[in-house]
Amino acid sequence: MSGKKLLGIPVLVQPSEAEKNRYAMQQAANAMGGTLTGQDVYQRLYVGSIHFSLTEDDIRQIFEPFGPLDFVNLHKDPETGRSKGYAFIQYKNAADGKQALEKMNGFDLAGRNLKVGLVTEKSSSMNIVNLDDDDSSGVGLTSLSRTELMQKLAARRTDMLEEEHEKDTQPQLPLAPARPAIPTKASRTVMLNNMFNPAEETEPDWIQDLEADVKQECEQYGRVEHIHANEDSLGEVFLKFDSVAAGEQAVNALNGRWFGGKQISAVFVPEAIYDAKFK
DNA sequence: CGTGAGCGA
């Protein structure tokens, strides 16, 4: 499966890591006098290298296709609410967890390779029942991640429609993971965020100047057919390229990059939504 | 300045 492309995204499978963890885990389990059975270890998984813009809900969407989850626990900095990039998840059934580990370890999600492994248990407190009230998906969002969230919600809707469509051909356990609802649906229409702060702008024509600059800068990825900077936002710039490939290049090149002291994000916008916005 | 991988309250 290594090197295979899923959703136009390369998949890297790293069996050595998983294998290492498995050995360590089973030895630990044996040493502990059999508190953990060979099945149990697969229920709880460590998921690392998660893109920082993904929420607990996103993680759930990505891993739930393998089977029902008890909880998803994405670790965040309590101060800022920012993701720390790793999570613990628990499946109701160990067999599902095994599938998830094998299929999702190394999965290139939003530009990062997911690390999925067995949990290295802490010595004490191992049977905390962590019930997860999952309606906290909107807490501590910066204005930047809020727009990304809206992005993802929009993407999720179309995903659900597509999944409905595929339902009759889907087996119980998908061979390949169902399309995760991630902000990575490639399109030629793109939104940049945090490109400017209107409060800091003084020139009367700053918005036009900015559009011209951004357009010129972005022509290296492909022909820019349309651009619009939203002056009532915290730096939104919408771009339509001439091809999906160009949009992908732009997102890959620009997302996370720094631009005049601000870190910008670049996400795909479904073309239909884009068109509806600007007509 | 810049989330590097990271095994939790």
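Keep in mind that this is a model prediction, so the values were computed, not measured. Order of the sequence lines fixes the chain letters, A, B, ..., with proteins taken first and strands second; residue numbering starts at 1 for each chain.
Among the nucleotides B:dA9, B:dC7, B:dG6, the one closest to the side chain of A:Val119 is B:dC7. Between B:dG6, B:dG8, B:dT3, one nucleotide has an atom nearer to the side chain of A:Tyr46 than all others, and that is B:dG6. Side-chain atoms of A:Lys115 lie closest to B:dA5 of the nucleotides B:dG8, B:dC7, B:dA5.
Rounding to whole angstrom units, CZ of residue A:Arg82 and P of B:dA5 are separated by 15 Å. Computed from coordinates, the A:His51 NE2 to B:dG6 C1' distance equals 17 Å when rounded to whole Å. With rounding to whole Å, A:Asn255 atom CG is found 13 Å from B:dT3 atom C1'. Rounded to an integer number of Å, the gap from NZ of A:Lys84 to C1' of B:dG4 is 15 Å. Taking atom CD1 of A:Ile50 as the reference point, atom P of B:dG8 lies 14 Å away to the nearest angstrom. As a whole-Å value, the separation of A:Phe259 CZ from B:dC1 C1' is 18 Å. Distance CG (A:Asp77) to C1' (B:dA9): 14 Å, rounded to an integer number of Å. One atom, CG of A:Asn194, and another, P of B:dT3, lie 14 Å apart when rounded to the nearest Å.
Within the nucleic acid shown, A:Gly256 has no heavy atom closer than 4.0 Å to any nucleic acid atom.
Residue A:Gly261 is the one, among A:Gly261 and A:Ser49, whose nearest nucleotide of DNA chain B lies closer to the 5' end (criterion: closest heavy atom). Residues A:Lys262 and A:Gly48 each lie close to DNA chain B; by heavy-atom proximity, the contact nearer the 5' end of the strand is made by A:Lys262.
The backbone N or O of A:Gly106 sits less than 3.5 Å from a side-chain atom of A:Asn113, completing a donor-acceptor pair.
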Using distance only, find each side-chain donor-acceptor pair of residues 200-218 of chain A under 3.5 Å and give its atom names and separation, not counting sequence neighbours.
{"residue": "A:Glu200", "atom": "OE1", "partner": "A:Lys262", "partner atom": "NZ", "Å": "3.3"}
{"residue": "A:Glu211", "atom": "OE2", "partner": "A:Ala229", "partner atom": "N", "Å": "2.8"}
{"residue": "A:Glu217", "atom": "OE2", "partner": "A:Gln220", "partner atom": "NE2", "Å": "3.2"}

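Between the base of B:dG4 and the side chain of A:Arg112 there is no donor-acceptor pair shorter than 3.5 Å.
Centre separation under 5.5 Å together with a plane angle under 30° does not hold for the ring of A:Tyr86 and the six-membered base ring of B:dA5, so they are not marked as stacked.
Nearest heavy atom pair, residue A:Asn255 against residue A:Ser265, reads OD1-CA, 3.2 Å.
Taking the six-membered ring wherever Trp is involved, the centroid distance between the rings of A:Phe238 and A:Phe278 falls below 6.0 Å.
Here A:Glu225 pairs with A:Arg188 under the salt bridge (Lys or Arg N to Asp or Glu O under 4.0 Å) rule; sequence neighbours left out.
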